[in-house]
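Here's the structure, in structure tokens; my notes come after.
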Amino acid sequence: SDIEVAYRRGTRYVPAVEDLSVGEGSPATPLEKGGVYLISGGLGGIGLAVARWLTETWQAKLSLLRRTELSSEADGDELLAEGSNQSVVKKIQAVQELRELGAEVWAPQADVADLAEMRVVIDGAIERFGRVDGVFHLAAAVHNALLHTKADDQFAGVLRPKVQGAWVLDRVTRVRGLKFMVLFASLAGREGNVF
């Protein structure tokens with residue numbers, strides 16, 4: 001594989017990916033026990049893994065942003081009993097499991113790239129939990145294909161939740177006392193695979 005190297009003022013830079021441990025007591029973390037965190041893409045696989053970790057390690061209060069419709073929480077047991085749409089059932093079960101672990105969970109539906117919708121979500125999280133300490137931005141649209149084979153609308157669809165969503169999250173949290181925002185991205189582009 002090609003290695004990218006840059007020289008700046010006598011220093012050689014090579015791209016690298018390293019693990020970062022952010023457990024309890026780590027000086028590198030802005031996380032705190034009982035913190036309030038918004039996770040965009042919160043009911044996806046990685047979003048739920050982050051939510052579980054925040055619950056188990058930090059006893060977090062969570063706003064799990066989702067773009068798809070779920071039934072109301074009152075209807076959740078009925079959906080589980082009926083065995084309807086398995087994707088929806090798994091998401092409801094995941095929220096229930098987080099609650100069983102002790103998390104306070106709110107799962108609003110909104111488009112992370114829509115400024116008005118996200119203002120409503122942030123206001124709702126603050127009303128429910130009193131504040132939002134941090135954001136984990138995982139929302140994404142996946143259309144696995146090589147970049148040069150994508151149509152313009154597919155390309156825009158992939159960038160919208162990730163890029164426009166990051167801009168919107170920055171705008172709606174800028175004056176809200178947010179301590180941090182973590183942006184998740186795929187390594188596929190760096191590795192030259194798919195985008």
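If you're wondering where the values come from, they're calculated on a predicted model, not measured in any experiment.
Nearest heavy atom pair, residue V132 against residue A125, reads CG2-CB, 3.7 Å. Of all heavy-atom pairs between K33 and T57, the closest is NZ-O, 3.1 Å.
In this structure, the separation between CZ on R128 and NZ on K61 is 12.0 Å, given to the nearest 0.5 Å. A distance of 11.0 Å separates NE2 of H137 from CG of D170, quoted to the nearest 0.5 Å. Remark: I122 CD1 to R176 CZ distance equals 7.0 Å, nearest 0.5 Å. Atoms CG and OG1, from L62 and T55 in turn, are 4.5 Å apart once rounded to the nearest 0.5 Å. Separating the CG atom in L169 from the CD atom in Q164 is a distance of 10.0 Å, to the nearest 0.5 Å. Of the inter-residue distances, the one linking M118 atom CE with D123 atom CG reads 10.5 Å to the nearest 0.5 angstrom.
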Q: Could you please spell out the steps behind the side chain to side chain contact (heavy atoms under 4.5 Å, CB included) verdict for D133 and L178?
A: CA-CA 5 Å; D133 296 316; L178 191 73; 6.0 Å; no
Q. Where do Q109 and E117 land on the side chain to side chain contact (heavy atoms under 4.5 Å, CB included) test, with the steps shown first?
A. CA-CA 9 Å; Q109 179 185 7; E117 288 185 24; over 6 Å; no
(Q) With side chain to side chain contact (heavy atoms under 4.5 Å, CB included) as the criterion, how do I39 and L54 come out once you've worked through the C-alpha distance, each side chain's angles and the decisive distance to 0.1 Å? (A) CA-CA 11 Å; I39 304 174; L54 287 169; 4.0 Å; yes
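Of the possible donor and acceptor atoms, one in the side chain of S40 sits under 3.5 Å from a partner among the backbone N and O of L138. With hydrogens and angles disregarded, a donor-acceptor distance shorter than 3.5 Å links the side chain of R99 to the backbone of V105. Panel note: side chain K162, backbone F184; a donor-acceptor pair is recorded below 3.5 Å.
Annotation: side chain of V112 is not in contact with side chain of V168 (no heavy-atom distance under 4.5 Å). With a 4.5 Å cut-off on side-chain heavy atoms, L31 and W53 count as touching. Between V182 and V135 the shortest side-chain heavy-atom distance does not fall below 4.5 Å.
Ring-plane geometry between F136 and Y37 is classed as perpendicular, the angle between the planes exceeding 60 degrees on a 0 to 90 degree scale with a lower cut at 30.
Under a hydrophobic clustering in which Ile, Leu, Val, Met, Phe, Trp and Tyr are joined whenever their side-chain heavy atoms come within less than 4.5 Å, directly or via other members, L38 and V120 fall into different clusters. W106 and L101 fall into different hydrophobic clusters, where Ile, Leu, Val, Met, Phe, Trp and Tyr side chains are chained together by heavy-atom contacts under 4.5 Å. Residues V14 and Y7 are members of one and the same hydrophobic cluster, defined by side-chain heavy-atom contacts under 4.5 angstrom among Ile, Leu, Val, Met, Phe, Trp and Tyr.
The number of heavy-atom neighbours closer than 6.0 Å to CG of L115, taken from other residues, nucleotides and ligands shown, is above 12. D153 CG: more than 12 foreign heavy atoms inside a 6.0 Å radius.
Look at D111 and R160 and you find a salt bridge, because one of the NZ, NE, NH1 or NH2 atoms lies within 4.0 Å of a carboxylate O, short of that distance.
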